[in-house]
Amino acid sequence: MAERLANRLLEVRTEQGLTQAALAELVGVSRKTVNTVENGVFVPSTTLALKLARALGQPVEALFSLVSDD
Amino acid sequence: MTLSPVEQADRNSRNRGLLMAIAATVQLALALFSALDPAGTTDPVRGIVWAILTLLWLLLLATGGGVLLNRQVRSMMNDEVSLLNRRRAIESGFWTAMAAAIALYFASYSWPVPVRGALAILTEVAIATALIRYAWLELR
């Protein structure tokens, strides 16, 4: 059973009225990193996932989840 | 208008990608010259210039550059995605070096390849591959 990481980063970020650049600055990464995480191209490290969750004021499980491709 | 750290990091990352692409072109040209004129690698001045350029590109690949920038911008430029891109680029350079070494090994049975010339070709194509891959990953 193949699993992949899904995220609600785009949804939560836009709910809070943040641009990718603004979120990137809060977390201390490039805007490109935020973009690639949102698009599922890049799987963030635990540290980055936690920083994103903290910046958005959400538990990390509310932002990231495992979904089955089946 | 003053750019924010994120905007500076974005701009500098893009410039770094373009620099990598230009550097790769220079390296490929050097590799071509080395292949066409292996005897030219005995020129000490050319050797010194080659060594300086090679070390510069290797330093860029190893560090990501931006040593003169402020810490926050440099940290954003060298974040997780960029580090992964750099790692992938260096892997590509390694495999190209192996392929070039094997090709030169068998080529030497048919054409005498001076040691210095062979090492120059091998190094140049490997570094060029790494730079091209890094540029591609950073600019896409």
Side-chain angles (χ1 to χ4, degrees), chain A, chain B residues 1-24 59-93 130-140:
Chain A
M1 183 174 69
E3 291 178 305
R4 61 178 178 82
L5 188 72
N7 72 79
R8 297 179 52 239
L9 207 57
L10 171 63
E11 178 188 334
V12 175
R13 177 178 63 76
T14 51
E15 269 173 13
Q16 297 188 16
L18 288 170
T19 61
Q20 286 183 343
L23 179 57
E25 189 135 4
L26 286 173
V27 176
V29 295
S30 64
R31 188 201 54 79
K32 183 171 177 163
T33 293
V34 172
N35 180 265
T36 53
V37 172
E38 275 185 6
N39 294 332
V41 171
F42 177 68
V43 175
S45 69
T46 307
T47 306
L48 179 55
L50 286 168
K51 284 182 178 178
L52 286 164
R54 185 176 62 187
L56 293 169
Q58 300 278 321
V60 71
E61 296 84 359
L63 287 180
F64 299 98
S65 59
L66 280 175
V67 295
S68 170
D69 278 336
D70 293 339
Chain B
M1 189 178 76
T2 310
L3 296 176
S4 69
V6 165
E7 287 166 334
Q8 286 181 53
D10 267 357
R11 185 192 61 184
N12 289 326
S13 290
R14 179 165 175 77
N15 290 342
R16 177 175 59 188
L18 292 172
L19 173 64
M20 297 271 183
I22 292 168
L59 202 61
L60 188 57
L61 282 167
T63 66
V67 291
L68 298 178
L69 299 171
N70 81 51
R71 195 188 301 180
Q72 186 184 15
V73 172
R74 195 165 69 248
S75 171
M76 286 178 175
M77 285 175 64
N78 294 316
D79 63 5
E80 283 185 23
V81 168
S82 185
L83 288 176
L84 180 63
N85 288 344
R86 211 173 330 137
R87 212 174 303 140
R88 286 174 172 165
I90 291 170
E91 275 173 17
S92 296
L131 291 170
I132 287 169
R133 183 104 202 268
Y134 194 11
W136 170 254
L137 290 169
E138 288 282 290
L139 293 173
R140 66 176 176 169

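The sequence lines fix the lettering, A, B, ..., with proteins before strands; numbering per chain opens at 1.
Contact of the A:Leu48 side chain with the A:Phe42 side chain is registered, since non-hydrogen atoms from C-beta on lie closer than 4.5 Å. Looking at heavy atoms from C-beta onward, B:Val81 lies in side-chain contact with B:Asn85 at the 4.5 angstrom threshold. With contacts defined as side-chain heavy-atom distances shorter than 4.5 Å, the pair B:Met20/B:Leu60 qualifies.
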From CA spacing to verdict: salt bridge (charged side-chain N to carboxylate O under 4.0 Å, His left out), A:Glu11, A:Arg8: CA-CA 5 Å; A:Glu11 178 188 334; A:Arg8 297 179 52 239; 2.9 Å; yes

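In this structure, the portions of A:Thr33 lying under 4.5 Å from any heavy atom of chain B include both its backbone and its side chain.
Distance check, rounded to the nearest 0.5 Å: OG of A:Ser30 to CG of B:Asn12 gives 12.0 Å. Between the CG atom of B:Asn78 and the CZ atom of B:Arg71 there is a distance of 13.5 Å, given to the nearest 0.5 Å.
Chain B forms the most heavy-atom pairs under 4.5 Å with one residue out of A:Val27, A:Thr36, A:Val29, and that residue is A:Val29. Contacts with chain A were tallied for B:Ser13, B:Ser75, B:Pro5; B:Pro5 has the most, counting heavy-atom pairs under 4.5 Å.
Between B:Glu138 and A:Lys32, no side-chain nitrogen of the basic residue sits less than 4.0 Å from a carboxylate oxygen of the acidic one, so the salt-bridge criterion is not met.
Scanning residues 49-63 of chain A against chain B with a 4.5 Å heavy-atom cutoff picks out nothing at all.
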